[in-house]
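Right, one structure below, let's go through it.
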Amino acid sequence: MQENPPLPTAHWCALGQMPSGDFMMAAIAAGGEPQEPVVVPANDLAAFVAGLEASSAPRWVWHHTPAIYATLLASGVRVERCHDLTLCHQILRSSEFVRDRSAFQLLDWAAPEPPQGPTAATAGPARFDLDTQPATSRNPFEITDVLREFERQRNAVNTSARPGRLALLLAAESAGALIASELAAAGLPWDSREHDRILTESLGPRPATYAEKPAKLAAAGDRVRAALGDPNASLDSPPKLLTALRRAGIHASSTSQWELAEYDHPAIAPLLEYKKLSRLLTANGWAWLDEWVTDDRYRPVYLPGGVVTGRWASSGGGALQLPRSLRPALRADPGWKLVSADVSQLEPRALAAMSGDRAMASAGRGKDLYEGIVRSSAIESRDEAKIAMLGAMYGATSGESGRLLPHLRRAFPAAMGFVDRAAETGERGGAVSTWLGRSTPPVEPDWQEAQSLASQPGATQRDEQNARRAARDRGRFTRNFVVQGTAAEWALAWLAEIRRNLAAFPEVQSDRAAAASGPVFGRRPHLAFFLHDEIIVHSPAEHADAVAQVVLDAADTAAELLFRGGDVDFRLDLSISDRATKS
DNA sequence: GCCTAAAGCGCG
DNA sequence: ACCGCGCTTTAGGC
């Protein structure tokens, strides 16, 4: 029962939780003060949110998206927008754009532990229940705390050096949080039989137990031991393998594949084969399939904002490291398609845009950026252009990259100057920021310590070396941070725009997809995969062409949102197919 | 026995 | 001597 129903003009709706597990909601009109909070019993939350979503689609303000949204999605409730206080706090506490960061330094606004395990965030009935969570003596996310933190964050943005950019960043970050929960709910359509077929083809038939080695792996191991003349050689432990190799006359300093490939010995080829198969089995073998794929849906755990640069991380399931050899297992449901897209050279293009380098923008216009560099600089091949460009963004100083960099500096002085300045700032211990205002964390005390030690009168040569190395390490980090971080912001804006448009598609009848992907996503196109600069949308076949257009248009919209009036093209490679067979 | 670090390799 | 990650296995300290 609500005595004080929120006005339909509510722009924000703040949600806090009471120690009992029930919720309190305070509506905030545009430019207004929060209204008196109303109590929402935990059991009524989904219906309550759905009602408000239908009437005014407010921006939901809550402490931590997965803690609330997984439950809403499982009840069939999707929300349009949110403000994730935990993620936004993380950004604001170190953003150089914020004038008074002290308000964020002292607070304890730690996110709860992320959900672990393959079943934690599924759309199925098995899920954690909000009202059975143990009540703590002081719930840090009660409505008063939520409102106070939200006000602090709004104030920080409004008084910042770049309110528009920061507001966009916080909105994009929060949209990312919604998308991560939605990816978990919908799942990635995964063909378990195809995965098993790939494993069987490479490794041999599935053994009866996990402990048993598959036949082809065992055979490769036998060939290695025979070639070494050492029937007991241990192949799985690097130190033991190293001694076994040395006994056979292979004096390698490590067992990494790149070094081993240098040696001419009959044991090398089967050993490299063994390592490859072993990796496939342990990382993405049958055990992985059993643990992470249920009902032909793969549900990894994504962590938005999990990387300092703003990229997503993952925790469980290895979503960001899926080997390309398993991509064919990624398959649309019958009657559905996969719309796959990746951005060509996202990071160099982000650099061109943020540095305002007209020559580089022009090199990337309407074509492959690296080819464009060949056409507009003294660099002669696409491969060389790529190596030079990556070297510029990573801070290479020697080798082929180092040799090619002067050419790049002459052709693109604005872009190169931009990353060089970011590196210099980092080497001095300073902070750098992405285009929208995510900044590097302050230097570690150890780093500062090393620098002061080296500048004191009694400093040894070793002290100075250590300090210089640490400074250069940090310079490479800050150099890359501005590029990787801005690329991540572009990708978030792209994702958010895709998501927004997909929600408007009409529903289709699809029992299988609805059963596997849940009530919200089983009947219309939905994001199914995200990996830094690529997305996959799972779409009813009849909508696939329209979805493709949405994905393409979203790239233009993202570019316009971030770099208003900029002249950098963000080109996509896009395909519509049953399988993700990208090579 | 538990925990952390490092090696090695997968992804962008 | 080129950035950012996660995962599995093994080694080694306690």
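Naming: A, B, ... by sequence-line order, numbering from 1 per chain. This one's a predicted model, so the numbers in the text were calculated from it and none came from an experiment.
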In whole angstrom, what separates A:Lys386's NZ from C:dC2's P?
18 Å
Checking contacts here: which listed nucleotide (B:dG10, B:dG8, C:dC2) is nearest the side-chain heavy atoms of A:Ala396?
C:dC2
C:dC5 P sits how many Å from A:Gln484 CD, rounded?
7 Å
Look at all strands and tell whether A:Val308 reaches a base, only sugar-phosphate, or nothing, counting heavy atoms closer than 4.0 Å.
sugar-phosphate
Whole angstrom is fine here: how far is it from OH in A:Tyr274 over to C1' in B:dG8?
14 Å
A:Glu444 atom CD: more than 12 heavy-atom contacts under 6.0 Å
no
Can you tell me if A:Gln321 touches the phosphate of C:dG4, counting only side-chain N or O atoms and a distance under 4.0 Å to OP1 or OP2?
no
A:Leu235 has an atom CG; how far is it from atom C1' of B:dA7, in whole Å?
16 Å
Contact class for A:Gly318 (heavy atom, under 4.0 Å): base, sugar-phosphate, or nothing?
sugar-phosphate
Below 6.0 angstrom between ring centroids: does that apply to A:Tyr302 and A:Trp312?
yes
Look at all strands and tell whether A:Gly317 reaches a base, only sugar-phosphate, or nothing, counting heavy atoms closer than 4.0 Å.
sugar-phosphate
Can a side chain N or O of A:Thr255 be found less than 4.0 Å away from OP1 or OP2 on B:dA7?
no
At under 4.0 Å between heavy atoms, what does A:Lys276 touch on the DNA or RNA strands: base, sugar-phosphate, or nothing?
nothing
Nucleotide nearest A:Pro239 when distance is taken to its side chain, options B:dC11, C:dA11, B:dG10:
C:dA11
In whole angstrom, give the distance that lies between atom CZ of A:Arg468 and atom C1' of C:dA1.
15 Å
Separation of B:dG8 atom P from A:Leu271 atom CG, nearest Å, is 12 Å
With distance as the sole test, does A:Arg474 use its side chain to make a donor-acceptor pair with the main-chain N or O of A:Gly426 at under 3.5 Å?
yes
Please answer whether C:dC2 and A:Tyr394 are stacked, defined here as ring centres separated by less than 5.5 Å and planes angled under 30°.
no
Are OP1 or OP2 of C:dC3 and a side-chain N or O of A:Arg476 less than 4.0 angstrom apart?
yes
Describe the nucleic acid contact of A:Glu347 in one word from base, sugar-phosphate, nothing, applying a heavy-atom distance below 4.0 Å.
nothing
Would you please confirm or rule out a distance under 4.0 Å between OP1 or OP2 of C:dA11 and any side-chain N or O of A:Ser237?
yes
Can you tell me the distance, in whole Å, between the CH2 atom of A:Trp258 and the P atom of C:dA1?
17 Å
Within-4.5 Å side-chain heavy-atom neighbours: A:Ser314 and A:Pro300:
no
Which nucleotide in the set C:dA1, B:dG10, C:dT9 lies at the smallest distance from any side-chain heavy atom of A:Ser398?
C:dA1
Charged N-O contact under 4.0 Å between A:Arg331 and A:Asp578
no
Nearest-Å distance, CZ (A:Arg472) to P (C:dA1)?
11 Å
